[in-house]
Number of protein chains: 2
Amino acid sequence: MNVIFEALAHPTRRAILEMLKGGSRTAGEIADAFDVSKPTMSGHFHKLKEAGLIHADQRGNSILYSINMSVLEEALLGFMGKMGVSARTEGEAT
Amino acid sequence: MNVIFEALAHPTRRAILEMLKGGSRTAGEIADAFDVSKPTMSGHFHKLKEAGLIHADQRGNSILYSINMSVLEEALLGFMGKMGVSARTEGEAT
DNA sequence: TAGCCTGTTAGCTATTTAGCTAAATAGCTA
DNA sequence: TAGCTATTTAGCTAAATAGCTAACAGGCTA
(Lines give C-alpha, C1' and ligand atoms only; values in the text may rest on other atoms or scores of the structure.)
Protein backbone atom coordinates (compact mmCIF):
# COMPACT_ATOMS: atom_id res chain seq x y z
CA MET A 1 0.00 0.00 0.00
CA ASN A 2 2.82 2.36 0.78
CA VAL A 3 4.42 1.84 -2.60
CA ILE A 4 1.11 2.83 -4.20
CA PHE A 5 0.83 6.10 -2.31
CA GLU A 6 4.44 6.85 -3.11
CA ALA A 7 3.69 6.28 -6.77
CA LEU A 8 0.68 8.59 -6.56
CA ALA A 9 2.74 11.33 -4.91
CA HIS A 10 4.14 12.67 -8.17
CA PRO A 11 1.88 14.77 -10.43
CA THR A 12 3.34 13.36 -13.62
CA ARG A 13 2.58 9.83 -12.49
CA ARG A 14 -1.00 10.73 -11.61
CA ALA A 15 -1.31 12.35 -15.02
CA ILE A 16 0.00 9.19 -16.67
CA LEU A 17 -2.68 7.18 -14.91
CA GLU A 18 -5.30 9.67 -15.93
CA MET A 19 -4.14 9.39 -19.52
CA LEU A 20 -4.21 5.60 -19.42
CA LYS A 21 -7.70 5.73 -18.03
CA GLY A 22 -8.72 6.67 -21.58
CA GLY A 23 -7.09 3.55 -23.01
CA SER A 24 -3.72 1.88 -23.38
CA ARG A 25 -0.82 3.84 -24.84
CA THR A 26 2.72 3.07 -25.85
CA ALA A 27 5.60 4.39 -23.80
CA GLY A 28 6.45 6.79 -26.60
CA GLU A 29 2.93 8.14 -26.91
CA ILE A 30 2.77 8.80 -23.21
CA ALA A 31 6.25 10.34 -23.12
CA ASP A 32 5.34 12.71 -25.96
CA ALA A 33 2.52 14.12 -23.87
CA PHE A 34 4.90 15.33 -21.17
CA ASP A 35 7.71 17.81 -21.19
CA VAL A 36 10.44 15.62 -19.73
CA SER A 37 12.94 13.28 -21.33
CA LYS A 38 12.07 9.69 -22.19
CA PRO A 39 14.45 8.22 -19.63
CA THR A 40 12.73 10.27 -16.96
CA MET A 41 9.37 8.99 -18.17
CA SER A 42 10.76 5.48 -18.16
CA GLY A 43 11.58 5.97 -14.49
CA HIS A 44 7.99 7.00 -13.80
CA PHE A 45 6.73 3.91 -15.64
CA HIS A 46 8.98 1.82 -13.49
CA LYS A 47 7.51 3.20 -10.27
CA LEU A 48 3.98 2.80 -11.46
CA LYS A 49 4.71 -0.77 -12.52
CA GLU A 50 6.42 -1.49 -9.22
CA ALA A 51 3.25 -0.31 -7.46
CA GLY A 52 1.18 -2.57 -9.68
CA LEU A 53 -0.74 0.42 -10.99
CA ILE A 54 0.13 -0.20 -14.63
CA HIS A 55 0.91 -3.21 -16.72
CA ALA A 56 3.34 -3.42 -19.66
CA ASP A 57 2.69 -5.37 -22.82
CA GLN A 58 5.44 -5.82 -25.37
CA ARG A 59 3.86 -5.05 -28.73
CA GLY A 60 6.46 -5.77 -31.35
CA ASN A 61 8.81 -2.90 -31.27
CA SER A 62 7.09 -0.88 -28.61
CA ILE A 63 5.60 -1.31 -25.17
CA LEU A 64 1.93 -0.84 -24.54
CA TYR A 65 1.05 0.37 -21.07
CA SER A 66 -2.35 -0.12 -19.51
CA ILE A 67 -3.78 0.96 -16.20
CA ASN A 68 -4.58 -1.57 -13.53
CA MET A 69 -7.80 -0.12 -12.22
CA SER A 70 -8.45 -2.76 -9.59
CA VAL A 71 -5.19 -2.00 -7.81
CA LEU A 72 -5.92 1.72 -7.77
CA GLU A 73 -9.47 1.16 -6.60
CA GLU A 74 -8.47 -1.22 -3.89
CA ALA A 75 -5.86 1.17 -2.54
CA LEU A 76 -8.08 4.24 -2.60
CA LEU A 77 -11.17 2.55 -1.26
CA GLY A 78 -9.10 0.69 1.30
CA PHE A 79 -7.57 3.88 2.61
CA MET A 80 -10.89 5.65 2.57
CA GLY A 81 -12.35 2.79 4.55
CA LYS A 82 -9.62 3.01 7.17
CA MET A 83 -10.10 6.75 7.35
CA GLY A 84 -13.82 6.48 7.66
CA VAL A 85 -14.35 8.54 4.53
CA SER A 86 -17.70 7.70 3.10
CA ALA A 87 -17.31 6.05 -0.27
CA ARG A 88 -20.54 7.64 -1.42
CA THR A 89 -20.53 11.18 -2.69
CA GLU A 90 -24.25 11.49 -2.12
CA GLY A 91 -26.84 9.47 -0.27
CA GLU A 92 -24.60 9.02 2.75
CA ALA A 93 -26.66 6.07 3.96
CA THR A 94 -24.20 4.58 6.41
CA MET B 1 -3.79 18.73 -4.57
CA ASN B 2 -0.21 17.73 -5.09
CA VAL B 3 0.78 18.79 -1.62
CA ILE B 4 -1.93 16.54 -0.24
CA PHE B 5 -0.73 13.47 -2.10
CA GLU B 6 2.81 14.21 -1.03
CA ALA B 7 1.63 14.39 2.56
CA LEU B 8 -0.16 11.06 2.16
CA ALA B 9 2.94 9.41 0.72
CA HIS B 10 4.51 8.70 4.10
CA PRO B 11 3.15 5.83 6.21
CA THR B 12 3.67 7.68 9.49
CA ARG B 13 1.63 10.61 8.23
CA ARG B 14 -1.20 8.35 7.12
CA ALA B 15 -1.09 6.70 10.53
CA ILE B 16 -1.29 10.10 12.22
CA LEU B 17 -4.40 10.89 10.23
CA GLU B 18 -5.88 7.53 11.10
CA MET B 19 -5.18 8.21 14.76
CA LEU B 20 -6.78 11.64 14.59
CA LYS B 21 -9.82 10.13 12.95
CA GLY B 22 -10.60 8.79 16.43
CA GLY B 23 -10.49 12.29 17.94
CA SER B 24 -8.14 15.18 18.52
CA ARG B 25 -4.81 14.53 20.22
CA THR B 26 -1.96 16.67 21.48
CA ALA B 27 1.36 16.64 19.65
CA GLY B 28 2.91 14.74 22.53
CA GLU B 29 0.22 12.08 22.60
CA ILE B 30 0.62 11.48 18.91
CA ALA B 31 4.39 11.49 19.10
CA ASP B 32 4.34 8.92 21.91
CA ALA B 33 2.50 6.52 19.64
CA PHE B 34 5.35 6.42 17.14
CA ASP B 35 8.91 5.28 17.39
CA VAL B 36 10.64 8.40 16.09
CA SER B 37 11.86 11.54 17.79
CA LYS B 38 9.55 14.44 18.56
CA PRO B 39 11.29 16.80 16.15
CA THR B 40 10.72 14.26 13.39
CA MET B 41 7.07 14.05 14.35
CA SER B 42 6.92 17.83 14.40
CA GLY B 43 8.11 17.77 10.79
CA HIS B 44 5.31 15.38 9.89
CA PHE B 45 2.77 17.64 11.59
CA HIS B 46 4.13 20.51 9.57
CA LYS B 47 3.60 18.72 6.27
CA LEU B 48 0.12 17.64 7.21
CA LYS B 49 -0.73 21.17 8.27
CA GLU B 50 0.76 22.57 5.08
CA ALA B 51 -1.50 20.24 3.12
CA GLY B 52 -4.47 21.43 5.14
CA LEU B 53 -5.10 17.90 6.37
CA ILE B 54 -4.82 18.78 10.04
CA HIS B 55 -5.46 21.81 12.16
CA ALA B 56 -3.55 22.95 15.24
CA ASP B 57 -5.15 24.42 18.33
CA GLN B 58 -3.02 25.89 21.08
CA ARG B 59 -4.40 24.53 24.33
CA GLY B 60 -2.50 26.20 27.07
CA ASN B 61 0.80 24.46 27.24
CA SER B 62 0.20 21.97 24.47
CA ILE B 63 -1.05 21.83 20.93
CA LEU B 64 -4.18 19.93 20.04
CA TYR B 65 -4.23 18.53 16.55
CA SER B 66 -7.42 17.63 14.73
CA ILE B 67 -8.04 16.10 11.34
CA ASN B 68 -9.60 18.13 8.58
CA MET B 69 -11.84 15.52 7.05
CA SER B 70 -13.32 17.69 4.35
CA VAL B 71 -9.90 18.35 2.81
CA LEU B 72 -9.06 14.67 2.78
CA GLU B 73 -12.44 13.75 1.34
CA GLU B 74 -12.29 16.39 -1.31
CA ALA B 75 -8.83 15.27 -2.44
CA LEU B 76 -9.63 11.57 -2.50
CA LEU B 77 -13.04 11.89 -4.09
CA GLY B 78 -11.71 14.47 -6.52
CA PHE B 79 -8.93 12.20 -7.66
CA MET B 80 -11.25 9.23 -7.86
CA GLY B 81 -13.57 11.28 -9.98
CA LYS B 82 -10.82 12.23 -12.37
CA MET B 83 -9.72 8.61 -12.54
CA GLY B 84 -13.20 7.36 -13.15
CA VAL B 85 -13.08 5.21 -10.05
CA SER B 86 -16.59 4.57 -8.90
CA ALA B 87 -17.16 6.10 -5.50
CA ARG B 88 -19.46 3.21 -4.67
CA THR B 89 -18.00 -0.01 -3.36
CA GLU B 90 -21.10 -1.94 -4.34
CA GLY B 91 -24.04 -1.26 -6.58
CA GLU B 92 -21.90 0.20 -9.34
CA ALA B 93 -24.91 1.86 -10.90
CA THR B 94 -23.16 4.26 -13.21
C1' DT C 1 10.66 34.73 38.66
C1' DA C 2 12.86 30.28 38.28
C1' DG C 3 12.07 26.01 36.79
C1' DC C 4 9.52 22.63 34.29
C1' DC C 5 6.75 21.00 30.47
C1' DT C 6 5.57 20.84 25.66
C1' DG C 7 6.64 21.49 21.23
C1' DT C 8 9.23 23.65 17.48
C1' DT C 9 13.40 25.39 15.11
C1' DA C 10 18.33 24.95 13.79
C1' DG C 11 21.68 22.46 11.89
C1' DC C 12 23.55 18.36 10.56
C1' DT C 13 23.83 13.59 7.82
C1' DA C 14 22.40 9.87 4.85
C1' DT C 15 19.27 8.41 1.51
C1' DT C 16 16.06 8.96 -2.09
C1' DT C 17 14.11 11.38 -5.93
C1' DA C 18 13.79 13.48 -10.27
C1' DG C 19 15.93 15.17 -13.79
C1' DC C 20 19.57 15.04 -17.59
C1' DT C 21 22.80 12.94 -21.53
C1' DA C 22 24.96 9.06 -23.46
C1' DA C 23 24.98 4.36 -24.26
C1' DA C 24 22.98 -0.21 -24.49
C1' DT C 25 19.19 -3.51 -25.72
C1' DA C 26 15.47 -5.47 -28.36
C1' DG C 27 12.67 -5.90 -32.23
C1' DC C 28 11.53 -4.91 -36.96
C1' DT C 29 12.69 -4.35 -41.98
C1' DA C 30 15.21 -3.72 -46.09
C1' DT D 1 23.00 -8.51 -41.28
C1' DA D 2 22.92 -3.56 -41.14
C1' DG D 3 20.32 -0.10 -39.86
C1' DC D 4 16.30 2.08 -37.84
C1' DT D 5 13.00 2.79 -34.11
C1' DA D 6 11.52 2.35 -29.37
C1' DT D 7 12.64 2.00 -24.83
C1' DT D 8 15.47 1.11 -20.98
C1' DT D 9 19.85 1.21 -18.33
C1' DA D 10 24.04 3.57 -16.67
C1' DG D 11 25.96 7.19 -14.57
C1' DC D 12 25.78 11.60 -13.10
C1' DT D 13 23.95 16.04 -10.41
C1' DA D 14 20.94 18.85 -7.63
C1' DA D 15 17.43 19.03 -4.58
C1' DA D 16 14.24 17.08 -1.36
C1' DT D 17 13.19 13.86 2.51
C1' DA D 18 13.49 11.79 6.85
C1' DG D 19 15.91 11.05 10.54
C1' DC D 20 18.90 12.65 14.60
C1' DT D 21 20.70 15.81 18.69
C1' DA D 22 20.96 20.22 20.68
C1' DA D 23 19.10 24.46 21.51
C1' DC D 24 15.25 27.66 21.82
C1' DA D 25 10.45 29.55 23.03
C1' DG D 26 5.90 29.75 25.22
C1' DG D 27 3.04 28.84 28.86
C1' DC D 28 2.19 26.93 33.56
C1' DT D 29 3.17 26.69 38.59
C1' DA D 30 5.58 26.66 42.80
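Source: prediction; values computed, not measured. Chain identifiers are assigned alphabetically (A, B, ...) following the order of the sequence lines, protein sequences preceding nucleic acid strands; residue numbering begins at 1 within each chain.
The aromatic rings of F45(A) and Y65(A) sit tilted, their planes meeting at an angle between 30° and 60°.
Taking CE of M1(A) as the start and CG of L76(A) as the end, the distance is 8.0 Å to the nearest 0.5 Å. Atom CD of residue E73(B) and atom CE of residue M80(B) lie 11.5 Å apart, to the nearest 0.5 angstrom. Taken to the nearest 0.5 Å, the CZ atom of F5(A) stands 5.5 Å off from the CZ atom of R14(B). K82(B) contributes atom NZ, which lies 13.0 Å from atom CG of L77(B) (distance to the nearest 0.5 angstrom). Interatomic distance, I54(B) CD1 to R25(B) CZ, rounded to the nearest 0.5 Å: 13.5 Å. From K49(B), atom NZ reaches atom NE2 of H44(B) across 14.0 Å, with rounding to the nearest 0.5 Å.
Near DNA chain D, meaning a heavy atom under 4.0 Å from it, residues 19-46 of chain B has V36(B), S37(B), P39(B), T40(B), H44(B) in order of number.
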Dot-bracket for DNA chain C, 5' to 3', counting Watson-Crick or G-U wobble pairs under 3.5 Å, with [ ] for crossing pairs and | for inter-strand pairs? ||||||||||||||||||||||||||||||
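For DNA chain C, the outermost nucleotides in 5' to 3' order that have an atom under 4.0 Å from a heavy atom of chain A are dT17(C) to dC28(C).
The side chain to side chain contact (heavy atoms under 4.5 Å, CB included) test with L53(B) singles out one residue from N68(B), I16(B), L17(B), V3(B), and that residue is L17(B).
Nearest-nucleotide assignment on DNA chain C puts the 5′-proximal partner with E6(A), out of Q58(A) and E6(A).
Counting heavy-atom neighbours within 6.0 Å of E74(B) CD, excluding the residue itself, gives a total of 12 or less.
Within the 4.5 Å cutoff, side-chain heavy atoms of L64(A) are placed close to those of T26(A).
Within the 4.0 angstrom heavy-atom criterion, no nucleotide atom of any strand lies near K49(A). Within the 4.0 angstrom heavy-atom criterion, no nucleotide atom of any strand lies near R59(A).
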